[in-house]
Amino acid sequence: MSESLPPGDSATGPSIRSEGARRGRLEAAGVVKTFGANRAVDGVSFTAEAGRITGLIGPNGAGKTTLFNAIAGEYALDGGSVQLDGTEIGSLPPYRVFSHGLARTFQIPRPFAGMTVLENVMFVPERQAGERFWNSWIRPGTVAREERQNRERAREIIEFCGLSPVERQLAGSISGGQQKLVELARALMADPKVLLLDEPGAGVNPALLDTIVDRIVELNKRGLTFLIIEHNMDFIMSLCDHIVVMATGRVIAEGTPKEVIAQPQVIEAYLGGAVA
Amino acid sequence: MSALLDVRDVVAGYKPDLPIIHGLSLTVAPQEMVTIIGPNGAGKSTLIKALAGVLTVSSGTVRLDGRDITNLPTHRMAEASMAYVPQVANVFTTLTINENLLVGASALSKAEAKTRIERGYEAFPDLKRYRDKKAGVLSGGQRQMLAVARALLTGPRLLMLDEPSAGLSPLMVSEVFERLKALVEDGVAILMVEQNAKAALAISHRTYVFAEGRNRIDGPSAALAEDPEVTSIYLGAGGRKR
Amino acid sequence: MLQAIADGILSGSIIALGAIGLTLTMGILRFANFAHAELVTWGAYMALGVLSLTGAFMGPLAPFSFGVPLLMATLVAMVATALLALAIDWLVYHPLRGRANHLTLVFGSFGVSLLVRMVILLLFGGAAQYYSNTLQIAMKVAPGLRIMPDQIFTLGLTAVIVVALHLFLQKTRLGLSMRALAENPELARVNGIDTRHVVRWTWIIGASLASIAGVLYGLTVQLRPEIGFHLLLPLFAAAILGGVGNVFGAVIGGLIVGLAESISVLFIPAGYKLAVPFMILLLVLYIRPTGIFAGTVGGGKS
Amino acid sequence: MTGFAAYLVFFLIVALTYSIVVMGLNIQWGYTGLFNAGVVGFFAIGAYGTAILVGPDRAHLIGGFGLPFPIAVLGGMALCALAALIVGLATLRLREEYLAIATFGIAISIQLVALNFESLTGGAQGLVGLPRPLFGLFDSPASYNLFYLGVVAVMAGLVYWALETAVRSPWGRLLKAVREDETAARSLGRNPARVRLEVFVLGCVLMGLAGGLYVGFIGYVSPLDFLPILTFQIWAMLIVGGSGNNRGAIVGAVGVWALWAMSGLAISRLLPVAYQSQGGAIQVILIGLLIVLTLIFRPRGLIGEAESVSKHAD
Amino acid sequence: QDCKIAVGSVLSITGSMAAIGSAIGDAGKLAIDHFNEAGGVNGCEVNYILRDDQGSPNVGVDAAKTLVEIEKVPVLLGAIQSGVSLPILTSVTVPAKVTQISCCSSAPSFTELAKEGGTEGYWFRTLPTDRPQAAVLATIAADKGYKKIAVIHVNSDYGVSLASRFRDDAEKLGIEITGVTPYNQEQASYRAEVNAALQAEPDALFLVAFPADGATVAREWISFGGSQNLILSNALRADEFVESVGAQYLENAYGIDNAQVEGDSVEAFDASWKEAKGSDPNGPGLHVMYDAAAVALLAMEQAGEANGTAIRDNIRKVTGGEGEAIYPGVEGFKKAKALIAEGKPIRYVGATGPITFDENGDVTGPYLIYGVKDGELATLDRWDKARVEAALEKLQ
Ligand SMILES: Nc1ncnc2c1ncn2[C@@H]1O[C@H](COP(=O)(O)OP(=O)(O)OP(=O)(O)O)[C@@H](O)[C@H]1O
Ligand SMILES: Nc1ncnc2c1ncn2[C@@H]1O[C@H](COP(=O)(O)OP(=O)(O)OP(=O)(O)O)[C@@H](O)[C@H]1O
Ligand SMILES: [Mg+2]
Ligand SMILES: [Mg+2]
């Protein structure tokens with residue numbers, strides 16, 4: 001399995017931006033999201049520091065996914081604010097949030113079912129000239145060149161995720177775990193400043209998960225900020241610099257992994273006897 | 001010990017001319033818990049779907065307690081005392097929690113359904129809290145609980161679970177697994193697919209390792225957990241420290 | 001004005017009756033059945049066929065314009081319509097079901113609707129027909145307000161059917177199975193539900209309701225092979241206004257459509273009347289894209 | 001040129017005109033999943049727009065600008081774009097059947113305007129005596145038809161090429177992504193609402209173009225030309241030809257229209273005279289059967305969706 | 001006889017005019033059967049090809065084109081709706097120099113088109129335009145003393161123009177028109193329109209409609225207490241309408257149609273219809289369709305050849321004028337053939353009475369006033385050409 005990173009490319013934007021230039025500090029302050037009477041996210045504040053891997057854990061139904069949706073613009077906030085590198089993104093629609101450099105994956109995969117895996121991944125880069133229909137008439141050369149580069153990169157990411165055997169299959173007819181990997185592949189293709197992963201490990205084969213961990217570490221070294229929801233404690237413990245624990249819509253603990261898992265309220269609400 | 005579930009040389013897939021499962025055999029004894037692990041796309045879910053009658057078995061046989069149930073219509077699998085929890089989309093999001101359970105109990109008498117549902121609520125108090133809420137508002141983990149709770153309602157002899165622990169918090173994982181263990185003790189046989197291999201191997205009796213639609217390795221779980229080949233290829237290092 | 005309101009409510013109740021069956025099949029079987037309208041027509045003609053075969057239009061039950069024979073004929077028509085629906089399902093929809101694209105069924109129903117309409121035309125001819133040639137003269141119930149007893153009957157029947165259907169969907173196992181099927185057929189099967197059985201019952205209920213609507217329509221207006229087709233738009237408008245799958249919604253939707261049509265004529269040129277329900281529909285959908293009541297089968301509770 | 005050849009020319013003019021409509025619908029439905037059931041409304045706007053701009057001045061009518069035909073057609077298309085923009089903004093949030101009913105209603109409303117707005121559209125009487133482009137240059141109607149067939153064929157070819165090129169570029173992928181999962185597309189930085197609006201307008205403009213060509217050929221418009229049945233016919237063409245494929249759209253348009261026309265001919269020849277008056281019903285039954293059988297036995301239509309959208313993904 | 005001549009017809013057999021279309025088709029066929037029995041045209045058997053336009057212009061135009069190009073018909077009968085006849089005329093028959101004769105398309109636009117030269121003389125129609133109809137109906141209404149009249153009309157070219165002419169004429173005669181309410185065809189119910197028209201409590205209702213929808217409107221009108229003083233357009237002279245509404249409610253109704261009441265020619269048609277069909281020829285379009293076919297055949301016989309231009313040029317030779325009168329039916333046609341063979345002038349007096357085409361292809365003729373007596377359609381009065389013209393004069 002290829003461990004190498006996709007080569008940078010100047011025409012489509014380098015796959016990895018030069019260090020230093022990359023920031024990605026995500027700051028949530030007092031975020032509230034309610035569904036009727038249910039305050040699913042109830043005044044959550046935390047900061048995912050630039051260049052760090054932050055873990056978000058908590059019992060089922062704690063509000064983690066809802067918080068992701070609020071940050072990514074899928075849900076309108078009922079209170080509070082979200083800032084990315086100082087820019088308010090809390091009120092933006094998802095596609096604008098993405099343009100600001102924040103990408104996310106879905107806990108329950110949402111592949112484009114009627115498109116092949118390759119197309120799913122090639123779709124990701126923004127501002128493709130070919131997405132304006134007239135460009136295919138008046139600038140076919142540019143479109144073709146861009147597509148070639150796009151495809152090269154997509155192939156590498158697909159291979160990395162172990163999806164090469166199903167590259168040409170429709171994303172709707174691959175296994176559940178493979179669909180999760182398509183989610184990840186798309187997120188990697190996005191090359192954002194901040195990446196929100198919602199349970200990237202659930203349903204993924206443990207052996208493959210190891211290489212994903214390596215990949216995340218490597219990308220992080222180059223300055224990409226991560227915010228990861230995960231129930232696999234091995235994964236969290238080995239990866240995160242900082243952990244935020246949520247329960248019933250609130251942050252109940254925060255700190256380094258070691259600190260956090262020692263706290264009794266975390267053990268009671270979340271870990272039970274299963275401390276790693 | 002004669003097998004409760006006896007799967008022999010099964011070939012199955014999504015399109016007639018493109019089998020995913022290439023002649024697979026497997027057995028589950030009464031009161032046995034069997035795990036299937038394997039890489040993504042190995043065909044684990046496909047096999048379970050074929051056993052549950054969702055997909056057509058194009059050759060081979062499936063026997064439950066000696067009775068041939070190959071390609072029995074899906075809705076009659078419950079009568080054959082087999083229950084199945086799919087990997088994805090396993091709750092009715094537009095029905096309430098209670099109605100979800102009622103659907104699972106549709107083969108039972110009304111009174112019986114009621115008592116069993118109450119028992120289900122005791123096992124999963126979270127569900128009780130939301131009983132009149134639409135299942136669509138549940139979190140990923142809550143849905144998983146609901147799906148398992150529903151499958152147990154009819155008191156099946158064989159329970160097939162497709163990644164029951166996916167998305168559950170560690171606390172819930174141990175709870176669900178505890179519960180599965182208790183079920184086995186009560187006489188239910190379990191066949192489950194798991195990616196949380198460590199935990200699954202720890203509680204199950206036997207394990208099959210699949211790859212590319214075939215049965216690669218099988219044996220007692222404890223032995224496989226030690227097997228270096230299995231560990232390196234399918235179990236991973238379990239998280240290296242950096 | 002008063003008259004227009006009364007009238008709108010009353011003609012709305014026929015639309016409502018047709019829309020209930022539509023919203024039910026649409027909600028449970030998950031496709032917009034364009035041939036539903038033809039079931040309405042078929043039901044109306046079947047009742048006519050029974051009446052003319054038995055030759056009877058015995059004394060009407062005062063104050064209504066119809067009598068026991070029509071009621072009996074309606075029962076026969078319900079059976080005949082259910083049979084037609086089952087046959088169509090078996091021949092056309094069943095083979096198409098489960099295809100990746102569920103709109104395949106919608107297109108299939110386009111085809112079916114053409115077929116059934118033309119068969120009716122061939123069987124019964126194109127001319128307008130009536131159950132009875134005696135005209136019912138409206139009763140003056142208040143100054144400027146006339147109502148026909150048949151209309152009151154229709155309204156009452158609609159109310160009874162809605163309540164019964166709602167209870168059925170909420171309280172019975174078959175009703176629950178229908179709602180489960182509506183959401184996820186495969187999961188329903190895994191849970192021991194015989195989906196074919198549920199589909200059959202859905203058709204039987206939907207088609208029976210359609211045929212009742214057809215008979216009532218024929219009774220208050222007239223019978224022609226195209227009546228269903230021309231009711232189609234109001235029916236869909238009503239079903240969608242109310243939220244697909246919601247039986248109460250369908251009734252409210254039907255009443256809104258009926259009222260809108262009859263009141264609009266007082267304010268805008270009658271030539272534009274046909275557009276009025278749509279404008280309302282658009283307005284409602286603009287504010288609530290899933291209809292007034294969020295649409296799930298059975299409706300009501302959240 | 002007479003007889004069958006003359007009829008063939010005539011037939012192809014009509015069929016190719018429809019094929020442009022079908023291609024417009026294909027881009028909306030086949031690629032983007034927009035269930036536009038108001039096709040005939042936009043066809044009508046294009047036709048009336050062209051007719052009003054090209055028509056001679058008449059006392060009782062507002063229009064009658066007597067513009068050259070190509071400019072009139074462009075005007076009709078622009079009008080279509082405007083209407084599609086307005087309609088799209090109001091309805092594109094709706095899903096599938098809801099959108100279908102809404103657009104169907106809009107088409108009915110457009111037809112009602114044509115029927116009732118007498119001073120602009122001529123009302124039920126329609127607009128009569130519209131000039132046909134370059135008609136004077138030809139010595140016989142037959143040679144004129146041949147010329148017009150050329151015009152329509154070139155337009156259809158151009159539309160085919162343009163759509164095919166665009167659809168097999170990243171644009172096509174974008175449309176498909178929006179069709180498949182809007183939430184996912186949105187989370188990946190695309191604005192589905194904008195994409196849908198763009199496609200809706202583009203498709204409707206093509207329908208308007210076809211409307212203009214139709215007017216140029218028939219020289220007359222009336223509200224009867226725009227009954228909802230035409231929408232059904234167009235949809236039948238798309239289904240039979242295979243949605244999600246432009247070649248399928250053309251094949252479907254020609255094929256279904258041929259079946260429609262030929263079945264009429266066959267019935268009038270084969271059916272005993274006494275039953276002639278049933279012929280129409282039988283013809284419609286054939287169309288119904290065709291749709292149903294195609295769906296059952298060739299669910300993807302005669303040609304079916306192209307497997308991979310972007311030619312660059314190979 | 002081994003030669004054959006094809007005569008084509010495009011009518012609405014299905015679609016919105018289905019209720020009247022197939023009977024009209026039968027009327028055309030009757031004329032052709034009669035002619036064949038009389039020996040055919042120029043010794044050739046006439047083959048009648050009927051095509052359905054389904055009420056849509058695109059289907060109708062295609063059908064017409066097939067008839068003209070593939071079946072090679074020299075004359076086309078139809079269509080019913082003006083919206084179908086017009087595109088056939090402009091894009092099929094005129095370019096191919098085929099004569100087109102319609103039984104039923106009443107739109108004034110044909111007259112305009114003819115005046116502009118757009119029809120090149122290939123267009124004829126056997127029903128009169130709405131101008132005289134409106135004048136006669138309004139005159140009678142005034143004579144009856146109606147003061148307030150509501151108008152409900154079908155929203156088609158036929159309805160719109162007849163209703164608006166009637167309104168003008170009635171107002172000139174001092175009648176108040178309380179409202180003109182159009183209705184769109186084939187709707188679920190017309191209660192709303194009826195109610196709107198009822199608001200002003202008029203003395204009478206002028207109803208312009210086709211039998212099926214018209215019956216619905218009339219029933220709802222009467223049910224809701226509208227006046228039973230009904231004024232009916234020509235298309236409502238149909239048994240279907242009377243039966244559907246109920247004769248007892250139509251005692252005070254009167255309407256107009258463009259057929260001569262009595263006279264041998266009309267009786268000849270009625271009798272032969274009855275013989276063929278077993279019922280009275282009461283329905284819109286039957287008489288006129290028969291005449292359309294008859295005129296075409298006689299012109300072909302007169303021309304001695306079967307091409308469109310010859311037919312066009314000979315139609316006026318077999319109608320109007322001073323020749324010997326020819327009545328509908330086999331005997332009439334036999335007589336006509338004999339006279340033509342002898343080179344003597346003939347003059348067709350048809351199912352609608354004497355027919356004269358003006359230079360625009362429009363026909364002028366006498367009218368009958370119909371009503372319902374003893375449960376059946378009956379003729380109440382007749383207006384000859386002079387009387388109609390006097391009424392028109394008065395309204396100038
Ligand atoms: N769309 C919604 N409407 C109403 N309630 C919702 C909705 N989405 C989530 N909820 C509720 O909000 C709470 C938080 O759900 P969320 O999905 O954020 O949990 P989670 O922390 O991601 O859990 P898990 O680890 O199981 O995925 C739950 O109680 C859920 O029932
Ligand atoms: N719905 C489907 N239609 C067609 N082919 C499918 C479908 N689902 C899966 N496949 C094919 O079957 C193969 C095996 O899928 P399956 O779901 O059985 O894998 P799995 O072992 O359960 O993997 P995972 O652990 O990721 O869930 C996939 O690689 C894919 O090629
Ligand atoms: Mg979650
Ligand atoms: Mg799986």
Side-chain angles (χ1 to χ4, degrees), chain C residues 1 3-4 6-8 10-11 14-15 18 117-118 121 125-130 132-140 144 146-148 150-151 217 220-222 224-235 257-267 269-276, chain E residues 12-23 55 152-153 155 159-160 179-199 201 210-226 238-249 283:
Chain C
M1 187 67 192
Q3 181 69 51
D7 238 43
L10 296 170
S11 66
I14 294 186
I15 296 175
R117 187 157 71 246
M118 288 305 137
L121 181 71
Q129 305 192 50
Y130 299 83
S132 154
N133 275 346
T134 47
L135 255 182
Q136 195 181 36
I137 303 286
M139 301 184 302
K140 206 165 184 141
R146 289 164 201 268
I147 290 172
M148 289 198 274
D150 287 359
Q151 295 180 318
Y217 182 83
T220 51
V221 191
Q222 64 177 199
R224 275 161 75 187
E226 304 93 20
I227 52 172
F229 183 62
H230 294 108
L231 264 176
L232 187 64
L233 294 175
L235 292 188
V257 171
L259 276 172
E261 284 194 346
S262 77
I263 295 178
S264 71
V265 174
L266 303 178
F267 300 103
Y272 290 103
K273 181 179 97 169
L274 221 53
V276 172
Chain E
S12 300
I13 311 296
T14 57
S16 64
M17 290 289 137
I20 61 174
S22 60
I152 298 182
H153 67 86
N155 202 356
V160 171
V180 177
T181 312
Y183 75 82
N184 296 317
Q185 285 180 59
E186 315 208 7
Q187 275 172 66
S189 144
Y190 297 113
R191 232 156 256 163
E193 287 83 348
V194 163
N195 268 322
L198 264 174
Q199 298 287 308
E201 309 206 344
F210 294 100
D213 290 333
T216 315
V217 175
R219 282 168 70 101
E220 288 181 337
W221 174 267
I222 293 164
S223 276
F224 282 94
D239 286 334
E240 185 194 349
F241 176 76
V242 177
E243 272 167 33
S244 300
V245 179
Q248 66 269 38
Y249 306 109

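It should be emphasised that the depicted structure is a prediction, and the values quoted were computed from it without experimental measurement. Worth knowing before you read on, the calculation uses all heavy atoms, side chains too, and leaves out hydrogens, waters and symmetry mates. Lettering follows sequence order; numbering is per chain, from 1.
Gln222(C) places a side-chain N or O within donor-acceptor distance of the main-chain N or O of Ala212(E), the cut-off being under 3.5 Å.
Nearest heavy atom pair, residue Gly271(C) against residue Pro182(E), reads N-CG, 3.7 Å. Nearest heavy-atom pair, Ser262(C) versus Ala192(E), reported as atom, atom and distance to 0.1 Å: CA-CB, 3.5 Å.
Residues meeting the side chain to side chain donor-acceptor pair (under 3.5 Å) test with Glu193(E), sequence neighbours left out: Lys273(C). In this view, Ala23(E) and Leu286(E) satisfy the side-chain contact (heavy atoms from CB on, under 4.5 Å) rule, not counting sequence neighbours.
Here the NE2 atom belonging to His230(C) is positioned 10.5 Å from the CG atom belonging to Asn184(E), to the nearest 0.5 angstrom. The distance from atom OH of Tyr272(C) to atom CG of Asn155(E), rounded to the nearest 0.5 Å, is 9.5 Å. Here the CD atom belonging to Gln151(C) is positioned 4.5 Å from the CZ atom belonging to Arg191(E), to the nearest 0.5 angstrom.
In this structure, the portions of Phe224(E) lying under 4.5 Å from any heavy atom of chain C include both its backbone and its side chain.
Annotation: maximal heavy-atom pairing with chain C below 4.5 Å, among Ile222(E), Asn195(E), Leu198(E), occurs at Asn195(E). With respect to chain C, the highest number of heavy-atom pairs below 4.5 Å among Glu240(E), Gln248(E), Gln199(E), Arg219(E) belongs to Arg219(E).
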